[in-house]
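Written out below as structure tokens is the structure these notes cover.
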Amino acid sequence: MALPFSASLSLPFPQLSTPFCSTRFALPTNPHRISRKFNRILAIKDYGPTELMNGHNYFPDLVTWMQIRRKPFEKSFAVIVLFLQLTSPIPSILHDYWLIAPAQAVLYSPETKIPRTGELALRRAIPANKDMKAIQDSLEDISYLLRIPQRKPFGTMEGNVKKALKIAVDEKEAILSSMPDEFRENGSLLYASLTDGQAGLKTLLQYIKDKDPDKVSVGLANTLDTVAQLELLQAPGLSFLLPEQYKNYPRLTGRAVVEFAIEKGDGSTFSPKAAGQPRNTAILQVVVDGYSAPLTAGNFAKLVVEGVYDGMKLNCTDQAILSDSKLGKDKGYVVPLEIMPSGQFEPLYKTTLSVQDGELPVLPLSVYGAVVMAHNPDSEEYSSPNQFFFYLYDKRNAGLGGLSFDEGQFSVFGYTTMGRETLSEIRTGDVIRSAKLVEGQDRLFLPKQG
């Protein structure tokens, strides 16, 4: 069993007090111990006249007959048990737990459509108009339908797109009026693209009618990109107020993009891109999300702008690529653990989530390339002021439900959206040559000095 990233896991194995099954049968040797009911008359019909006899007289003969027949019966029963053990999907060692409710017998396995890509998680995290969210939900269901092998449910997909198109047409005014005035013109162009453009709903509908799953997949991705762009125009800032005690912290009130240039510490090169040359430098782009983690994202963006990560060495484990922890506490703010629970409107602070009870974050850890702040060495209620890591999610190291054992325990604040394939090539000693905030500096608010 895989162990959690932050701590080892010890699970008690059930000790069985009895063997799985026994083919030994105990028969009463004292006929007088039989119940009074058995002392009544027993009728035995053997294709002849019915003979009535007393139970006490009949029982010794019954015992003798069963003792003679017991050996063949035991052998037959053993064969049946062996057959069931070989064919049953339930391990025989858990026989004592068959009558226990599944939730008590095994680790909790949450039913979730948790995002499995950074792009999907980021799109769901945008606090947009409810009509746009309804369109998004309807289209995202098609992603799950496309995974069905062989005969795809194109009829259901067609219904989903028609539903999304009807919402877009009927709620046009509400969709556009929820944008600030300065974004309205751009929003109108994106709206037209969503309904009638080449990357829009009508084009996607035609691909579905043609029953071409490849075109449907590409068309769906393009349409969802347009949906996300419209949603971002509807969310120019935070949808909640920060707690009073955190208003003097740096904060990011939206999205930002950080670009990392990574070099090999030993002078070697990264694998070439398609039909290209080996690369001395690999470029990663990370989308930082202030909608769900404004303090964590703000502190990180401030450190990037100050050049704190330029020239920093990286350390690697099987599950993460960590920035060097030798900067000390004087670089960055000691930000409280900050996690936005799914279905909530503001983050929780200094509080982890109980995945076992169904609590899930808006920005899950269980995504390859998630960008996360390490814990503060002094208290797990706070994040490190400057140490972050790229999480290398692997379902082979995950728990039931495909979730990381550390889900809901760290402040996730972004995802690697470009260069994910390079993460597997990074080794201990490789260097962040530079880290730059290439988008979103206008959304970064810094505390007033003095």
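Counting begins at 1 with the first residue of the sequence. This structure is a prediction, so every number in the text was calculated from the model and none was measured.
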| Does Lys166 pair with Glu171 as a salt bridge, N-O distance under 4.0 Å? | no

| request: Compare all side-chain heavy atoms of Leu327 with those of Met312 and state whether any distance is below 4.5 angstrom. | output: yes

| request: Compute the centroid of each ring, for Phe345 and then for Phe240, and state whether the two points are separated by less than 6.0 Å. | output: no

| remark: Result for salt bridge (charged side-chain N to carboxylate O under 4.0 Å, His left out) between Glu231 and one of Arg123, Lys130, Lys133 points to Lys133

| message | Whether the side chain of Tyr291 engages the backbone of Ser239 through a donor-acceptor N/O pair (distance < 3.5 Å, no angle test) should be reported. | response | no

| Mind checking whether Leu120 and Glu140 have side chains closer than 4.5 Å, heavy atoms only? | yes

| message | For Tyr249 and Tyr333, take the angle between the two ring planes, folded into 0 to 90°, and tell me which bin it lands in: parallel under 30, tilted 30 to 60, perpendicular over 60. | response | tilted

| query | With a cut-off of 6.0 Å (strictly less than), are more than 12 heavy atoms of other residues, nucleotides or ligands near CD of Glu244? | reply | no

| message | Show, in sequence, the C-alpha distance, side-chain angles and deciding distance for Asp266 and Lys264, and conclude whether the salt bridge (Lys or Arg N to Asp or Glu O under 4.0 Å) test is met. | response | CA-CA 6 Å; Asp266 59 3; Lys264 284 290 185 181; 5.9 Å; no

| message | Looking at Asp357 and Glu359, would you say the former's side chain and the latter's main chain have a donor-acceptor pair under 3.5 Å? | response | no

| query | Going by an N to O cut-off under 4.0 Å, is there a salt bridge joining Glu306 and Lys331? | reply | no

| said: Between Ser404 and Leu365 (side chain of the first, backbone of the second, donor and acceptor by atom type, cut-off under 3.5 Å), is there such a pair? | reply: no

| Hey, are Glu263 and Arg433 close enough for a salt bridge, meaning a charged N less than 4.0 Å from a carboxylate O? | yes

| said: Going by the rule side-chain contact (heavy atoms from CB on, under 4.5 Å), which residues pair with Thr417 if we only count those two or more places apart in sequence or in a different chain? | reply: Glu119, Leu122, Gln285, Val287

| field | Centroid separation Tyr391 to Tyr415 less than 6.0 Å | value | no

| Between Asp196 and Lys202, is there a side-chain N and carboxylate O pair less than 4.0 Å apart? | yes

| said: Are Met418 and Ile283 packed together at the side-chain level, in the sense that at least one heavy-atom pair is separated by less than 4.5 angstrom? | reply: yes

| request: Consider only side-chain N and O atoms of Glu407 and Ser366, and report whether a donor and an acceptor are under 3.5 Å apart. | output: yes

| note | Of all heavy-atom pairs linking Leu146 and Lys152, the shortest is O-NZ, 2.6 Å

| If you look at every heavy atom in Arg184 and Ser177, which pair is closest and at what distance? | NH2-O, 3.9 Å

| Strictly by modelled atom types, are Glu425 and Ser271 linked by a side-chain donor-acceptor pair under 3.5 Å? | yes

| field | Asp170, CG: over 12 other non-hydrogen atoms inside 6.0 angstrom | value | yes

| field | Centroid-centroid under 6.0 Å between Phe413 and Phe388 rings | value | no

| task | Take Lys350 and Tyr382, measure what side-chain hydrogen bond (donor to acceptor under 3.5 Å, both in side chains) needs, and give me the verdict at the end. | result | CA-CA 6 Å; Lys350 300 183 184 181; Tyr382 293 85; 2.8 Å; yes

| For Leu392, which residues count as a side-chain contact (heavy atoms from CB on, under 4.5 Å) partner, sequence neighbours excluded? | Ile321, Tyr368, Leu423

| query | Lys313 and Asp430: salt bridge (Lys or Arg N to Asp or Glu O under 4.0 Å), yes or no, with the steps? | reply | CA-CA 6 Å; Lys313 289 186 178 182; Asp430 291 352; over 6 Å; no

